Amino acid sequence: MHKNLVIVESPAKAKTIEKFLGDDYKVLSSYGHIRDLKKKDLGIDIENNFEPQYEIPSDKKKVVSELKAEAKKAETVWLASDEDREGEAISWHLYDVLGLKPENTKRIVFHEITKNAIQNAIKNPREIDINLVNAQQARRILDRIVGFELSPVLWRKIKPSLSAGRVQSVAVRLIVERERDIRAFKSKASYRIIALFNAKDKEGETYEIRAELNKRFNTKKETLTFLDECKISTYTIEDITTRPSKKHPAPPFTTSTLQQEAARKLSFTVAQTMMIAQRLYEAGHITYMRTDSVNLSAYAINGCKETITKTMGENYVKTRQFQTHSKGAQEAHEAIRPTHMNNETISGTAQEQRLYDLIWKRTLASQMAEALLEKTTATIDVSESKEKLVASGEVIKFDGFLRVYRESYDDDQEQEDDSRILPPLSVGQNLERKLITATERFTQGPYRFTEASLVRKLEELGIGRPSTYAPTISTIQNRKYVEKGDIEGEERKYNVIELKDDKISDEIMTEIAGRERAKLIPTDVGMVVNDFLIDFFPKIMDLNFTATVEKEFDDIAEGKKEWTETLSTFYDRFHPSVEEALETQTEHRVGERILGDHPKTGKPISVKIGRYGPVVQMGSSDDEEKPRFAQMRKGMSMETLTLEEAIELFKLPRSLGDYEDKEVKIGVGRYGPYVHHNSKYASLPKKYDPLEVTLEEAIEVILAKREADAKKHIKSFDEEPDMQVLNGRYGPYIAYKKKNYRIPKDKTPEDLSLDDCLAIIKDQQENRGKGRRKKTTTTAKKKTTTKKKAKDTKKK
DNA sequence: CAGTGAGCGAGCTTCCGCTTGACTT
């Protein structure tokens, strides 16, 4: 029998550790927390000094009973959860729930999963740090109070099922405020001057040189004056300066930086990155993927050193330990790195391989020498102007870590000029003017957040933890506070003026400005909820709220403060604001905007958040005539909706008159404009304007739909009315009990018997799960690999 | 993927951080 039971948090970790410890030790996993506040109700007895009411969640009952049984059999139980606030609490809950005894329970911690580290930990056990546990309890209870008191206020005041919390509400705030900054941004135009010259070197070889004016002109007049001067100028190299510079490698990955780089380099969502990383971790390829530390173990650094020396030579090695700067970091784990650096590649899916490759290269690069660069700047005199042109170039003298890894930035296009190489030039050399272009450019407003850049911001503010970044982003999207989408951008005209030979040409060009992909955009509900929360709960919504309470939790952990005391102080200030928010009666609903009166009927028109989201209302509920409601169209927003737009919305649905004694109506629904007749709907083709379409045209649409419906029906069976063979947009299919099944290619739909259909259905039901999943991953693979190739070549 | 376009009611919704599967798309 095992003398010792070791409990860790993760089963993958348990497996590895068991190998190091030998037969006397059994290692099991708690799968994270085993106990939490009651699921229903508040789960805290506030009257009784914030006494938490814990329970074991149903999905943890099995783990707990197994752990209990094994603990009973063991002589010594080793609690080896992570050395941070949550880990300490897990140990404490285990101690309590499993009914452990102080004399045969030991608390141990280790930061790296190596035989040495673990044997060392076993030699140096300690006791559970109750202060740290209390800090966790305070954190947990505060979050529950905030979430479970704020959310019901939103249900009452705005809309059911909404939620608010310390982390998610601030995340939404960041997105809402960014959106408003963008809407308020006014871009300024200026002229950017680029000049192309021919220069000859000593051998008489001709090179092209690209130079830029060291300032921009704010007006067209100034620009034209300059170009006129250029026309009659000679160009001489006035000065050349060369200055060396260094580039340093980025630290190894944490959860947040991995999510950012995987988004930029591999186009993964944060959830995808975490899923793939989890698989790599479980397969033993990488260390733990939820970490805030940039620390590498001596083993890892040594592994890097060996690999670099072997493949590139010793001059590429420069080992270093990075410092973790991020706010609130707890550093229970190492950075995310390959378990063994000598595995340059691994087996697995294409996505797994690509993420591994990224981690391997980043880790290796972090222990490599700086890149040495030389930046050359040549100043060009323009004889008839006081302005100077500047040509700059950068040469890599020693590539160092750049040989392996280059970090990406969100605004890559800004860096275009850097890697240009200047030909050999000398002071006093004359240059031959080829082309000077003045392009009207516009200042760029702030960018919307991507999932990854939001994670970066949250981490910067110390809000959320590695294990919650991805779930938080899902939550705010599930609540419909935020949507991920593309911004189409707008056409913009800009002026291009060229000086070639002795002619100045002037041209107006168009471009698409402000196009953005996969960005987080706040919804109307998100904005209304955000404004409401800021109004009534400014402290909770303060970007520094988390950082402030974290300090309190630190004090508790250090034994400087009583945890219930901290909670009590917080609650005494927080709870009255909840009461106040509930009691405040407003004339209008939260977020409601009164747009004005309808010019003909005089009825008031307003927009507000209704039971099912934003809704436009005409007329008031205490009026004799019932108010009418309308949904906003795609692209409209509550904040910017005008009275005119709202009036348009009420022009539909409109009646066109009767056909076959039934009314024909035109409306706009979730899927666009439709014709409604005899309780049937038909989509209105794009060529018709719903406000202009005539009865005759609508009848055509109805008849076309009837014909399609007639063709749709291929076969049905008297003995089984649920079974139908139908013709759909994508060819014939079988419809059975609300589900659809495709017909194998070798079968003729018209000849199918009921038994044939049942057989097809049975076959597809069996294959469904596996078959489909496989199919989606393979297509995803193809897509991502081609993209990767494109990016890689670009980099070289 | 396979066809949509509504809303009475009664009762429910909700937090953050630890961890994985077991479920469908």
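Throughout, protein chains are lettered first and strands after them, A, B, ... in sequence-line order, and every chain is numbered starting at 1. All values derive from a computational prediction rather than experimental measurement. Side chains are part of it too, since the values below use all heavy atoms of this structure and drop only hydrogens, waters and symmetry mates.
- Between the CG atom of Leu162(A) and the C1' atom of dC12(B) there is a distance of 13 Å, given to the nearest Å.
- With the nearest nucleotide of DNA chain B identified for both Pro152(A) and Gly32(A), Pro152(A) has the one nearer the 5' end.
- Rounded to whole angstrom, the span from the CD1 atom of Ile476(A) across to the P atom of dC16(B) amounts to 11 Å.
- One interatomic measurement links the two molecules: CG of Leu37(A) to P of dT14(B), which rounds to 17 Å at whole-angstrom precision.
- Phe148(A) qualifies as a stacking partner of the dT14(B) base, centre to centre under 5.5 Å and near-parallel within 30°.
- Nearest-nucleotide positions on DNA chain B for Asp84(A) and Leu150(A) put Leu150(A) closer to the 5' end.
- As rounded to whole Å, 9 Å separates atom P of dT19(B) from atom CD of Glu86(A).
- Rounded to an integer number of Å, the gap from CG of Leu649(A) to P of dG5(B) is 20 Å.
- Taking atom CG of Asp41(A) as the reference point, atom P of dG11(B) lies 16 Å away to the nearest angstrom.
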Item checked: Verdict with supporting geometry, Lys38(A) and Glu55(A), salt bridge (Lys or Arg N to Asp or Glu O under 4.0 Å) -> CA-CA 5 Å; Lys38(A) 249 185 2 177; Glu55(A) 67 179 16; over 6 Å; no
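- Spacing between atom NZ of Lys39(A) and atom P of dC15(B) amounts to 12 Å, rounded to whole angstrom units.
- We find that the ring of Trp155(A) and the base of dT13(B) stack, their centres lying under 5.5 angstrom apart and their planes tilted less than 30°.
- Closest of all the heavy-atom pairs between Ala470(A) and Met274(A) is CB-CG, 4.2 Å.
- A donor atom on one side chain and an acceptor atom on the other are found under 3.5 Å apart for Glu149(A) and Tyr571(A).
- With rounding to whole Å, Leu79(A) atom CG is found 18 Å from dC18(B) atom P.
- Contact of Arg140(A) with dC15(B) (side chain to base): a donor-acceptor pair of N or O atoms is detected under 3.5 Å.
- In the interface, the side chain of Arg139(A) is paired with the base of dC16(B) through a donor and an acceptor atom under 3.5 Å apart.
- Nearest heavy-atom pair, Ser326(A) versus Asp292(A), reported as atom, atom and distance to 0.1 Å: OG-O, 4.2 Å.
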